[in-house]
There are 2 protein chains.
Amino acid sequence: MSLSIDRDKRQAADKPTLYKQIRLDIERRILTGEWPPGHRIPFEHELMARYGCARMTVSKALSELAQADLIERRRRAGTFVRRPQFLSAVLQIADIRAEITALGRSYGYQLIQCSRRAANAADRARLGVRKTGKVIAIACRHSADDVPFAIEDRLIDLDAVPEAATADFAIEPPGTWLLHHVPWTEAEHSISAIVADDRAAAALDIAIGAPCLVIDRHTWRSARTLTAVRLIYPGESHKLVARFKGG
Amino acid sequence: MSLSIDRDKRQAADKPTLYKQIRLDIERRILTGEWPPGHRIPFEHELMARYGCARMTVSKALSELAQADLIERRRRAGTFVRRPQFLSAVLQIADIRAEITALGRSYGYQLIQCSRRAANAADRARLGVRKTGKVIAIACRHSADDVPFAIEDRLIDLDAVPEAATADFAIEPPGTWLLHHVPWTEAEHSISAIVADDRAAAALDIAIGAPCLVIDRHTWRSARTLTAVRLIYPGESHKLVARFKGG
DNA sequence: GGTATCGATATGTCTATACATATAATCGTG
DNA sequence: CACGATTATATGTATAGACATATCGATACC
C-alpha cells in the first residue's frame with residue numbers, strides 16, 4: 001500500500017529508514033519549489049495513508065523539518081512551508097587557543113599588559129555600564145607556530161566577575177579562562193576592518209597600513225555586562241569561515 | 001552592513017512539557033560545564049528512572065539535542081557531550097536590497113559589467129568546477145541613500161542555473177534574483193579584510209588603502225556549485241553584527 | 001452587527017511494546 | 001598471543017492507542 005518514494009540518487013550513504021525517506025521526500029518537494037512557501041503540507045493522516053505508516057512516524061519526520069525551520073506547524077490549521085529564509089549562517093568561533101590547537105599548530109601566548117583599576121569614563125562606555133566599579137584591563141597576543149595570530153584588548157567587569165581577580169592571566173589567556181569559569185547568556189559580535197596602526201603593526205609583525213580584521217565581542221549574563229574584547233587579526237592571513245545549510 | 005541578527009525567539013513562552021524539561025536540563029548541564037565535552041550522558045534507561053517516564057520520551061529529548069549537534073549518540077557505547085561550539089551565532093543575511101530597504105534607506109543599484117562567456121581557468125577555479133561551461137560574470141554596485149554601500153563581483157554557473165540566462169541584471173541585482181529563483185542547499189562564507197585598490201576605491205568613493213571588509217560567498221545546491229560572489233564593503237562605515245544567545 | 005460559547009480538528013505529548021542494528025566486550029580457537 | 005566469532009547492550013525505528021491543547025468556524029445570544 002505504500003507508494004514508491006523517489007530516493008536521493010546523488011548519495012546512497014546511509015540506509016533509508018521510513019521516516020528519513022518521508023523527511024527527504026518532503027524536503028525535496030520544498031527545495032525544488034514543488035511546494036512553495038506558504039503551501040500547506042498534507043495533514044498527518046493523509047501522509048500516514050500515503051506512506052502507509054503510523055502517525056508517530058510522519059510526525060517524527062515533520063518534527064525534524066520543523067526543528068530545521070523548513071516548515072511551520074500550527075495546531076488545527078496544519079503544516080506549512082515557511083517563507084524563504086534569508087541566508088543564515090552559524091558562525092562557530094572557539095576561543096583562540098582552542099582554534100589554534102584544533103588546527104594542529106602550536107599555541108603561544110604573551111601577556112602584554114594587565115592592570116586592575118577603577119573604571120574610567122572610557123571603560124564604562126566600552127562596557128556599557130553606568131556605575132563606577134573595578135575592572136581588569138588586559139592586552140595580550142596570541143600566536144600560532146610562533147607567528148603572531150591576533151592581538152587582544154580586553155576589559156573585564158570585576159563586579160560582575162569577581163572570580164577574575166584570582167585568575168593568573170600571565171599563564172592562561174583571559175578568553176580561555178572566562179569560557180571555562182564564567183557562564184554567559186548573550187553575546188554580540190561586531191566584525192569590521194581597519195588598517196594597522198603602529199602599535200598593531202608592531203605586535204602582529206605586519207606593515208603599518210596593512211588590513212586587519214576586527215572582532216568586537218561583548219558578553220553578558222542576564223543583561224549584566226561581563227566583558228568586552230577587541231580582537232585584531234591580520235586581514236590577509238586570517239579568514240572567518242562559516243559553512244551552513246539553508247533552503 | 002549591519003547584517004541583522006537575532007537568534008531563535010520561540011523558546012520563550014513554551015509550557016514546559018516533560019521532554020522539553022529533560023532537554024533543557026541536559027542542555028543546562030552541558031552549557032554550564034557540569035557535563036564537559038566527552039562526558040557520557042546517563043543511559044536512556046537511567047534517565048527514564050531519573051525522570052520517571054518512558055524511554056521514547058527521553059529519546060525524543062536526546063534526539064533533538066543530537067540534531068542540534070550538542071551531543072553525539074553512539075550505539076552500544078552511549079551518548080556523549082560534543083565539543084562545544086563555544087560561540088555560535090546565527091547570522092541572518094538578507095540580500096543587500098532587502099537589507100537596505102529594511103533599514104529605511106533608499107536602495108540604489110548600478111550594473112557595472114555583465115558578460116556571458118565560456119568559463120576560463122580562473123572562473124573554474126573560483127567556482128570550484130572541473131568541466132568547462134558557460135558562466136555569467138557580473139560586477140555591480142549597491143548604494144544606500146545614494147552613498148556607495150558595497151561592490152559585488154559575481155560568477156554564476158550557467159549550466160547549473162540555466163534560467164539565469166533570461167534574467168535582466170541591469171534591472172534586478174543578481175543576489176536578489178537568485179534568492180527568489182534558485183533554491184540552494186549549502187553555502188559558505190569567508191570573511192576577511194583587504195585594503196581598497198584603485199578600482200574598489202573609485203567604486204566605493206573611499207581612499208586607496210582604506211580598509212574594506214570582504215565576504216566571499218559560495219553557494220551550492222546538492223554539491224553543485226551555483227554561484228560565487230565577492231562583496232566588498234567599506235570597512236570603517238560598516239559592520240557585521242551578530243547578536244546571539246548561548247551558555 | 002457584535003460577541004461569547006462550544007464543538008471539531010490537527011498537531012503535541014506520552015506510553016508500553018517490539019524488533020532492528022551497530023558495536024564494545026568477551027570468548028574461543030588456532 | 002593474535003584474531004575471528006559470539007554475545008550483550010545501547011541506541012534507532014516503528015507501532016497503536018490515549019489524552020492534551022490550541023484554534024478555526026459555526027452557532028447562539030445580546
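Keep in mind it's a predicted model, so treat the numbers as computed, not measured. Proteins come first, then strands; the chains are lettered A, B, ... in the order of their sequence lines, and each starts at number 1.
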- prompt: Does a nitrogen or oxygen in the side chain of A:Thr57 sit under 4.0 Å from OP1 or OP2 of D:dT15?
  reply: yes
- prompt: Rounded to the Å, how far apart are A:Arg40 CZ and C:dT11 P?
  reply: 8 Å
- request: Check the distance between C:dA18's P and A:Met56's CE and give it to me in whole angstrom.
  value: 17 Å
- prompt: With under 30° as parallel and over 60° as perpendicular, where do the rings of B:His142 and B:Tyr107 fit, or are they tilted in between?
  reply: tilted
field: Candidates D:dG12, D:dA14, D:dA16 - which lies nearest the side chain of B:Arg55
entry: D:dG12
message: Over 60° means perpendicular and under 30° means parallel, so tell me whether A:Phe169 and A:Trp177 are parallel, tilted or perpendicular.
response: perpendicular
message: Could you tell me how far apart A:Glu72 (CD) and C:dT11 (C1') are, to the nearest whole angstrom?
response: 13 Å
- request: Take the protein atom CZ of B:Phe80 and the nucleotide atom P of C:dA24, then report the distance between them rounded to whole Å.
  value: 9 Å
- request: Compare all side-chain heavy atoms of B:Thr227 with those of B:Leu155 and state whether any distance is below 4.5 angstrom.
  value: no
field: Nucleotide nearest B:Arg73 (side chain, heavy atoms from C-beta), chosen from C:dT11, D:dG12, D:dA14
entry: D:dG12
statement: Distance col, row A:Gln67:CD vs A:Leu62:CG, nearest 0.5 angstrom, shows 13.0 Å
Geometric cation-pi criterion B:Arg73 and B:Phe80, 6.0 Å radius, 45° cone: no
message: My understanding is that only residues two or more places apart in sequence, or in another chain, count here; which of them pass side-chain hydrogen bond (donor to acceptor under 3.5 Å, both in side chains) with A:Arg76?
response: none
field: Over 12 non-hydrogen atoms of neighbours within 6.0 angstrom of CG in A:Asp168
entry: yes
statement: Rounded to whole Å, CG of A:Leu62 lies from P of C:dT11 at a distance of 8 Å
- request: Figure out the NZ/C1' separation between B:Lys60 and C:dT15, and round it to whole Å.
  value: 13 Å
- prompt: Roughly how many Å is it from CD in A:Glu64 to P in D:dA14, rounded to a whole number?
  reply: 11 Å
message: Distance check needed: C:dA20 C1' versus A:Leu18 CG, whole Å only.
response: 14 Å
Between the protein and nucleotides 3-10 of chain C, which nitrogen or oxygen pairs come in under 3.5 angstrom?
unit_1, atom_1, unit_2, atom_2, d
C:dA8, N3, A:Arg76, NH1, 3.1

